[in-house]
Trainee: 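Sharing a structure below in structure tokens format, with a few things to ask.
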Amino acid sequence: MKKNLVSLLFAALVALTSCSDFFNISNPQTLSTDNFPATMAQVDQLVTSAYAQSHSIGMYAFYWFPMGVWLYDHTSDLYGSYDERATSQDNYTSIDSRYITTTYTDLCKWMKLASTGIDGIAYYRQNYGKENEQDELDYALGQCHFNRALAYWHAQIFFELDADALGFPLIDRIISDVEALKLERASVKDTWQFVINDLKLAVELLEGYNDDTFRATEWAAKGLLAKVYMQSLYLFPENKPLAKTLMEDIILNSGKQLVSYDIYADMFYGNEANEHNQESLYELTMTSNPNQDGPWEGYTTGSGMPMVYAPWYVDLDIRFRKGKEDKVDPLTQEDDVIICKKSSQWGNNYVHDKNIARFGFANFYGDTIPRLTFNPKFNYSGTRSLDNYPYMIATPNYRAEALALKHDKSKVDPRLMLCAGQPYVDEYIDSKGRVTVYDRSAECDDQFCWQHRKYTNTRGIEMGAPPYGLNESSNCNFYIVRLADIYLLYAELLADTDPATALEYINKVHRRAYGVNPNSVSEYDYKSLSDRTRAFHANDPLANDPLKYERWAELFAEGQWWMDIRRFRIGDSEATYYEKTSHGPITWKGEPSYVQPIPQLELERNGNMTQSKGYPGI
């Protein structure tokens with residue numbers, strides 16, 4: 001149960017905050033730099049400290065999606081030019097952005113904590129380890145190597161692309177000397193090799209450990225290694241046979257399978273019954289804390305990210321009085337002036353309009369934004385509901401026709417409904433547990449402003465107390481590796497040499513998304529690797545590329561697409577497709593746009609640090 005995560009993170013916080021408090025104490029029962037770790041419990045504190053760093057401010061507690069990768073790959077657009085986030089929308093992040101600075105710092109901490117665990121385990125093994133503890137120590141060591149590799153997998157946003165270009169500093173040990181902490185960046189090739197080595201060791205040490213779903217397992221390590229092999233294959237083509245063997249091992253021997261559509265359609269929204277499922281190889285567990293009130297204090301058990309991209313919805317309790325708000329029909333006004341909109345918290349992000357068309361929903365009523373008018377059947381004294389509401393969509397049958405189009409699988413990818421909520425059409429649960437619908441932000445101009453749905457609370461709102469609020473502490477788990485991802489990577493690997501098998505694995509993922517048996521031929525199957533996808537516009541770069549389209553659609557809003565854009569080197573064509581954000585036209589600047597800059601703060605503190613090409617120094 002998720003309460004186990006609370007215990008795991010609590011132990012991590014104790015370890016994170018206690019190691020510097022007892023420097024002058026020699027009692028072996030207390031923490032000291034001279035004898036830590038001295039017990040297996042203290043070893044586990046080191047391990048859980050590494051796990052805790054994924055829940056830090058710069059990562060999944062707050063910034064990673066809404067201020068980070070969702071802006072780089074245009075999963076999200078913003079309702080306004082919010083501070084430094086606007087530069088990330090432009091694919092040229094400011095070097096003094098607080099968001100990229102915090103993310104960089106927290107990634108370095110994650111690497112350091114994992115390395116501290118590795119060194120601490122070696123220290124304990126040498127000084128206190130018992131014969132019957134060796135297997136347990138190997139298990140702990142495997143988890144630390146996995147966590148360090150996972151931190152570097154996220155840090156690839158800072159890697160340049162060419163083999164001899166700049167990667168990331170290699171943090172492979174405890175460093176106590178301040179000057180020694182000022183590390184240089186390794187090459188891209190050496191950085192990826194460092195990650196591969198960590199994961200190979202993790203696979204070896206975690207063999208047979210698959211019972212604790214909250215910790216790294218053998219299959220988690222193999223799944224992440226498969227992703228790393230594929231993302232670095234352009235540097236190490238000799239690893240292609242290793243990647244193939246590894247993915248076949250996962251497919252045939254892990255016991256993992258694509259979950260049914262019913263589970264799939266409810267596994268992204270915090271329903272514990274459908275998380276850590278048969279498809280998941282590794283996910284970050286989030287547990288809602290009713291006392292948390294957001295991610296402001298740093299490490300959290302639940303995520304504050306959904307607080308940032310919290311959906312807007314129609315407020316059923318809007319003020320509407322006779323002789324007041326009912327005097328001027330809003331349809332007679334130039335713009336949408338109705339203040340019926342309410343956000344379930346910040347509501348800064350919405351799904352970029354071009355994503356809606358890429359899922360196949362476009363040219364609906366000429367792509368015009370629906371307008372509201374007075375509802376002639378509204379009963380002032382009646383109970384408020386969608387049926388008894390002061391306003392209604394001015395276009396007759398708009399909602400019914402929109403729902404019908406979205407359910408037409410011959411035109412629209414059904415994954416759209418898992419990822420995004422259509423204003424005035426799709427149902428939403430408000431703070432009182434009532435059924436309402438999504439809305440557009442009060443700050444919307446000419447955007448459609450479909451709301452983020454994946455990784456949100458679909459059973460209520462993000463703020464406020466239970467049962468319908470999560471207190472800005474989301475319990476949605478975040479998937480790092482799942483079998484659908486592996487299937488598509490396997491298809492990619494085979495595309496040139498065995499296109500028939502590659503197409504079958506693409507279709508397995510595609511079929512499940514369309515609600516049919518993933519292992520049987522269906523009417524929805526792609527007929528070739530260049531078949532037409534659901535992307536509406538013929539000039540969409542994914543219109544005739546099922547492999548890339550399926551990676552985009554299946555893993556939408558899971559933080560994977562930016563990594564794919566980088567390795568496929570399709571940033572220029574993606575920027576052309578998305579064209580603009582709320583901040584203005586997207587100007588792709590070549591290689592610098594693929595890379596996040598080294599923050600100014602790091603450049604100021606570390607004289608050995610080199611800025612990425614195309615970005616200013618200090």
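Note that these values count all heavy atoms, side chains included, but never hydrogens, waters or copies made by symmetry. Everything numeric here is computed off the predicted structure, so don't read it as measured data.
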Trainee: Where is the tightest heavy-atom contact between Met305 and Pro66, given as atom of each residue plus distance?
Mentor: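 Distance-wise, the nearest heavy atoms are SD-CD, 3.7 Å.
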Trainee: Aromatic ring centroids of Phe65 and Tyr60 under 6.0 Å?
Mentor: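 Ring centres of Tyr60 and Phe65 closer than 6.0 Å.
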Trainee: Can Arg551 and Glu558 be counted as an ion pair, charged N to O under 4.0 angstrom?
Mentor: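 Here Arg551 does not pair with Glu558 in a salt bridge, since their nearest N and O are not under 4.0 Å apart.
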Trainee: Rounded to the nearest 0.5 Å, what separates atom CD in Glu275 from atom CE in Met286?
Mentor: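 It is 10.5 Å, given to the nearest 0.5 Å.
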Trainee: So Trp110 and His154, would you call those rings parallel, tilted or perpendicular, with 30° and 60° as cut-offs?
Mentor: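 Tilted, since the angle between the ring planes falls between 30° and 60°.
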Trainee: Should we say atom OH of Tyr92 is surrounded by more than 12 heavy atoms from elsewhere, each under 6.0 Å from it?
Mentor: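 Enclosed.
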Trainee: Would you confirm whether the ring centroid of His510 sits within less than 6.0 angstrom of the ring centroid of Tyr524?
Mentor: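 When the ring centroids of Tyr524 and His510 are compared, they turn out to be at least 6.0 Å apart.
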Trainee: Let me confirm one number: the OG-CG distance from Ser530 to Asn544, rounded to the nearest 0.5 Å.
Mentor: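 The distance works out to 6.5 Å.
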Trainee: Charged N to carboxylate O under 4.0 angstrom, Asp426 versus Lys406?
Mentor: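 Answer for the salt bridge query: yes.
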Trainee: Is the Tyr577 to His74 ring centre distance short of 6.0 Å?
Mentor: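 When the ring centroids of Tyr577 and His74 are compared, they turn out to be at least 6.0 Å apart.
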Trainee: State whether Arg482 and Glu283 are salt-bridged, where the test is any N-O pair (Lys NZ or Arg NE/NH1/NH2 against Asp/Glu carboxylate O) under 4.0 Å.
Mentor: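 No.
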Trainee: Counting the benzene-type ring for Trp, do Tyr104 and Phe158 have ring centres under 6.0 Å apart?
Mentor: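 Distance test on ring centres: under 6.0 Å, yes.
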Trainee: Look at the aromatic rings of Phe364 and Phe361 and report parallel, tilted or perpendicular, splitting at 30° and 60°.
Mentor: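 Phe364 and Phe361: tilted rings.
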Trainee: Which of parallel (below 30°), tilted (30 to 60°) and perpendicular (above 60°) describes Tyr490 and Tyr505?
Mentor: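 Perpendicular: the ring planes of Tyr490 and Tyr505 meet at over 60°.
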Trainee: Could you please spell out the steps behind the side chain to side chain contact (heavy atoms under 4.5 Å, CB included) verdict for Phe62 and Ser303?
Mentor: CA-CA 7 Å; Phe62 203 172; Ser303 175; over 6 Å; no
Trainee: Measure from the ring center of Phe359 to the ring center of Phe536 and say whether it is less than 6.0 Å.
Mentor: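 Centroid separation for Phe359 and Phe536: 6.0 Å or greater.
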Trainee: How about His352 and Tyr578: are their ring centres within less than 6.0 Å of each other?
Mentor: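 Yes: the rings meet the under 6.0 Å criterion.
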Trainee: Compute the ring centroids of Phe146 and Tyr282, then answer whether they are less than 6.0 Å apart.
Mentor: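 Phe146 vs Tyr282: aromatic centres under 6.0 Å.
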Trainee: Between Thr581 and Ile586, is there a side-chain heavy-atom distance shorter than 4.5 Å?
Mentor: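 When only atoms from C-beta onward are counted, Thr581 and Ile586 do touch, with a gap below 4.5 Å.
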Trainee: Centroid separation under 6.0 Å, is that true for the rings of Phe159 and Trp192?
Mentor: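 Ring-ring flag for Trp192/Phe159: true, centres closer than 6.0 Å.
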Trainee: Who passes side-chain contact (heavy atoms from CB on, under 4.5 Å) against Thr458, sequence neighbours left out?
Mentor: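 Result, side-chain contact (heavy atoms from CB on, under 4.5 Å) vs Thr458: Tyr269, Arg453, Thr456.
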Trainee: For atom CD of Glu207, is the number of surrounding heavy atoms from other residues, nucleotides or ligands below 6.0 Å larger than 12?
Mentor: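 No, because the 6.0 Å sphere around CD of Glu207 holds 12 heavy atoms or fewer from other groups.
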Trainee: Do Glu574 and Lys354 meet the salt-bridge criterion of a basic N to acidic O distance under 4.0 Å?
Mentor: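 Salt bridge absent between Lys354 and Glu574.
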Trainee: Using a strict cut-off of less than 4.0 Å between a Lys/Arg side-chain nitrogen and an Asp/Glu carboxylate oxygen, indicate whether Arg459 and Asp266 qualify as a salt bridge.
Mentor: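 Counted as a salt bridge, because a side-chain N and a carboxylate O are separated by less than 4.0 Å.
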Trainee: Going by the salt bridge (charged side-chain N to carboxylate O under 4.0 Å, His left out) test, which pairs reach into residues 225-241, not counting sequence neighbours?
Mentor: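 For residues 225-241, and leaving out neighbouring residues, the salt bridge (charged side-chain N to carboxylate O under 4.0 Å, His left out) pairs sorted by first residue read Lys227-Asp485.
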Trainee: Quick check on side chain to side chain contact (heavy atoms under 4.5 Å, CB included): which of Ile506, Asp545, Asp496 does Leu529 satisfy it with?
Mentor: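 Going through the options one by one, the only one that passes is Ile506.
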Trainee: Scan residues 532-542 for pairs that pass salt bridge (charged side-chain N to carboxylate O under 4.0 Å, His left out), counting only residues two or more places apart or in two chains.
Mentor: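 Every pair satisfying salt bridge (charged side-chain N to carboxylate O under 4.0 Å, His left out) with a residue in residues 532-542: Arg358-Asp540.
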Trainee: Quick check: Tyr313 with Tyr438 (ring centres under 6.0 Å apart)?
Mentor: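 Between Tyr313 and Tyr438, which both carry aromatic rings, the centre distance is not below 6.0 Å.
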Trainee: Specify the closest pair of heavy atoms between Asn477 and Tyr455, including all atoms of both residues, with the distance to one decimal.
Mentor: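 Where Asn477 meets Tyr455 most closely, the heavy atoms are O-CE2, 3.0 Å.
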Trainee: Could you walk me through whether Ile356 and Leu416 satisfy the side chain to side chain contact (heavy atoms under 4.5 Å, CB included) test, starting with their C-alpha distance in whole Å, then the side-chain angles of each, then the deciding distance to 0.1 Å, before giving a yes or no?
Mentor: CA-CA 7 Å; Ile356 309 306; Leu416 172 60; 3.9 Å; yes
Trainee: What is the ring orientation for Tyr309 with Trp70, classed by angle as parallel under 30°, tilted 30 to 60°, or perpendicular over 60°?
Mentor: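 Taking Trp70 first and then Tyr309, their aromatic rings sit tilted (interplane angle of 30° to 60°).
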Trainee: Do you know which two heavy atoms are closest between Thr103 and Met59, and how far apart they sit?
Mentor: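 Taking Thr103 first and Met59 second, the nearest heavy atoms are CG2-SD, 4.1 Å.
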Trainee: Are Arg569 and Tyr234 in a cation-pi setup, meaning NZ or CZ lies under 6.0 angstrom from the ring centre and within 45 degrees of the ring axis?
Mentor: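 Verdict for Tyr234: a cation-pi partner in Arg569.
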Trainee: Does a side-chain N-to-carboxylate-O contact under 4.0 Å join Arg415 and Glu554?
Mentor: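 Yes, charged N to carboxylate O under 4.0 Å.
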